[in-house]
J.: 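Before we start, here is the structure in question, set down as structure tokens.
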Amino acid sequence: MKRTLKQKKLIAKKYTLKFILTVLLWALGIACIFPFLWMVSSSFKGINDVYSFPIEWIPKNPTLDAYKNLFAGDFSFVIFYRNSVFVAAMALAGTFFSCTMAGYAYSKINFFGRDKLFLIKLSTTMIPGMVTMLPTFIIYRTLGMVNTLTALWLPMVFGGTFGVMLMRQNMIAVPNELIESAKIDGAGHPRIYWSIMLPSVRPAVATLLFMYFLWTWNDYERPLLYIQSKNLFTLPFAVKYFANEQTSNVPAIMAANVVSMFIIIVMFFFAQKYFVRSVISSGIKG
């Protein structure tokens, strides 16, 4: 059946709008990536070459002096990197078990007051962090955890509200028939949780771990509040401290940021395919 003139105009208008939006998104994406490209390019330049105009996106005389500066002196960035990796690993281990177990309990185990308890947990997101900062500091000081890395990863062990909500919403979508079949075969809750629920919500678990890794890796507030010794600095705090010491050495500051962001970029490319799927599915059922 031939299209009418009106239908052809609507189709042309639709594709024109789609083309314009695509061009705008590409332009916005390119504009957003320029600062990152400048940062990487500047980290391979000399101090006097950073402010040259027009900008040399590919340095004519590349040098690794900025990166060498990071690993020189009494406190190398290797120490700060090791601290950040340790804190992130402990935080992710705690987050994985606490959030997935709580999500399983809130979604598939019928216990008294389950939904009310979950709403109470959700309501804690309305409490500003500044309100709990001082009481938390007093508790950690009493327990002797000030100026230790434990203060940086311990809060993640108890299950963040967002992580529990994300896992609960994704686990709700898992058919109850699978659980009933497993119970008939003699499986208990630990076996159901490990062998059925976790494989079924793998994209959500990947999203959970990446997001909490990102928050932990980039955390500046807690190191500022709890860490006093320089050998316990994590990367965000170390980069800020390094930038204050190397005010005029822009390439070294840019190199410090590149080193800090490298592992985030690598993890993002491995986990990006899970993001949209898990976030969309988390809002489908309640």
Side-chain angles (χ1 to χ4, degrees), residues 31-93 95 145-156 209-272:
C32 290
I33 204 174
F34 270 158
F36 175 76
L37 295 177
W38 183 85
M39 178 184 69
V40 175
S41 175
S42 298
S43 68
F44 292 99
K45 294 179 180 179
I47 297 177
N48 298 326
D49 299 330
V50 175
Y51 300 105
S52 61
F53 189 83
I55 299 174
E56 295 180 1
W57 294 104
I58 301 177
K60 293 180 180 179
N61 300 308
T63 176
L64 294 175
D65 290 344
Y67 290 93
K68 292 177 182 177
N69 197 12
L70 298 181
F71 303 101
D74 297 331
F75 291 95
S76 166
F77 259 67
V78 173
I79 298 174
F80 307 141
Y81 221 98
R82 184 183 61 196
N83 292 339
S84 288
V85 169
F86 173 76
V87 171
M90 296 298 294
L92 289 189
T95 296
M145 291 192 297
V146 174
N147 200 33
T148 66
L149 294 178
T150 305
L152 305 184
W153 59 262
L154 186 62
M156 301 295 184
L209 295 180
F210 177 78
M211 296 189 73
Y212 273 85
F213 169 81
L214 189 64
W215 294 335
T216 304
W217 190 265
N218 289 332
D219 187 16
Y220 179 78
E221 181 182 282
R222 277 197 291 265
L224 179 63
L225 188 62
Y226 297 115
I227 301 302
Q228 301 166 0
S229 301
K230 190 175 180 181
N231 63 322
L232 295 177
F233 284 0
T234 53
L235 275 175
F237 199 44
V239 169
K240 176 62 177 175
Y241 185 87
F242 183 76
N244 291 337
E245 284 190 338
Q246 304 282 338
T247 307
S248 60
N249 194 348
V250 176
I253 298 174
M254 295 300 104
N257 283 282
V258 171
V259 168
S260 179
M261 292 177 60
F262 176 76
I263 193 170
I264 297 176
I265 296 172
V266 172
M267 287 197 65
F268 173 76
F269 280 110
F270 278 105
Q272 62 174 332

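Position 1 is the first residue of the sequence; numbering continues from there.
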J.: Within this structure, what is the CE-CG distance for the pair Met156 and Leu92, rounded to the nearest 0.5 Å?
T.: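 Reported value, rounded in 0.5 Å steps: 8.5 Å.
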J.: Specify the closest pair of heavy atoms between Ile227 and Thr148, including all atoms of both residues, with the distance to one decimal.
T.: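 So the two residues come closest at CD1-O, 3.5 Å.
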J.: Could you pull out the closest heavy-atom pair between Ser84 and Leu235, with the gap in Å?
T.: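 Result for this residue pair: OG-N, 2.8 Å.
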J.: Just wondering, do Tyr67 and Val258 contact through their side chains at under 4.5 Å, heavy atoms?
T.: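 Yes, their side chains come closer than 4.5 Å.
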J.: Does Tyr220 reach the side chain of Leu225, with side-chain heavy atoms less than 4.5 Å apart?
T.: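 No, too far: nothing below the 4.5 Å cut-off.
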J.: Does Ala91 offer a backbone N or O that forms a donor-acceptor pair with the side chain of Thr95 under 3.5 Å?
T.: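 Yes: the side chain of Thr95 pairs with the backbone of Ala91.
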J.: Side chains of Phe71 and Ile79: closer than 4.5 Å at any heavy-atom pair?
T.: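 Sidechains of Ile79 and Phe71: no contact.
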J.: Nearest heavy-atom pair of Tyr226 and Val146: which atoms, and what distance?
T.: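 For Tyr226 and Val146, the tightest heavy-atom pair comes out as O-CG1, 3.7 Å.
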J.: Specify whether Phe77 and Phe80 have parallel, tilted or perpendicular ring planes, treating 30° as the upper limit for parallel and 60° as the lower limit for perpendicular.
T.: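 Ring orientation, 0 to 90° scale: perpendicular.
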J.: Can you confirm whether Thr63 sits close enough to Phe44 that some side-chain heavy atom of one is under 4.5 Å from a side-chain heavy atom of the other?
T.: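 Thr63 vs Phe44: side chains apart.
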J.: May I have the step-by-step check of side chain to side chain contact (heavy atoms under 4.5 Å, CB included) for Val239 and Ile253, ending in yes or no?
T.: CA-CA 7 Å; Val239 169; Ile253 298 174; 5.5 Å; no
J.: Assess the side chains of Asn147 and Ser229: does a donor N or O sit below 3.5 Å from an acceptor N or O?
T.: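 Yes, side-chain donor-acceptor contact under 3.5 Å.
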J.: Are any of the side-chain heavy atoms of Val259 and Phe262 separated by less than 4.5 Å?
T.: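 Side-chain contact under 4.5 Å: no.
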J.: I need the minimum non-hydrogen distance between Ala151 and Arg222, along with the two atoms involved.
T.: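 Shortest heavy-atom contact: O-CD, 3.8 Å.
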J.: Roughly how far, to the nearest 0.5 Å, is OG of Ser43 from CH2 of Trp38?
T.: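 OG of Ser43 is found 10.0 Å from CH2 of Trp38.
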J.: Nearest 0.5 Å, please: how far is CG in Asp65 from CG in Leu70?
T.: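 Separation between the atoms: 11.0 Å.
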J.: What's the shortest heavy-atom distance between Ala255 and Ala66, and which atoms?
T.: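 Residues Ala255 and Ala66, closest heavy atoms: CB-CB, 3.9 Å.
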J.: Measure the spacing between CZ of Arg82 and CG of Asn231 and express it to the nearest 0.5 Å.
T.: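 Reported to 0.5 Å precision, the distance equals 8.5 Å.
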J.: How long is the gap from CG on Leu152 to CG on Asp219, to the nearest 0.5 Å?
T.: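 Reported to 0.5 Å precision, the distance equals 7.0 Å.
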J.: Are any non-hydrogen side-chain atoms of Trp153 and Thr216 less than 4.5 angstrom apart?
T.: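 When only atoms from C-beta onward are counted, Thr216 and Trp153 do not touch, as no gap falls below 4.5 Å.
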J.: For a 4.5 angstrom cut-off between non-hydrogen side-chain atoms, does Tyr81 reach Ile263?
T.: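 Sidechains of Ile263 and Tyr81: in contact.
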J.: Could you tell me whether a side-chain N or O of Asn83 sits under 3.5 Å from a main-chain N or O of Phe233, the two making a donor and an acceptor?
T.: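 Pair found, side chain donor or acceptor close to backbone of Phe233.
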J.: Spell out, as yes or no, whether a donor-acceptor pair under 3.5 Å connects the side chain of Trp217 to the backbone of Val85.
T.: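 Checked: no pair found.
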J.: To the closest 0.5 Å, what do you measure between CZ (Phe36) and CE (Met254)?
T.: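 One finds 12.0 Å between CZ of Phe36 and CE of Met254.
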J.: Locate the shortest heavy-atom distance separating Lys45 from Pro59; write the atom from each residue and the value.
T.: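 So the two residues come closest at CG-CG, 3.8 Å.
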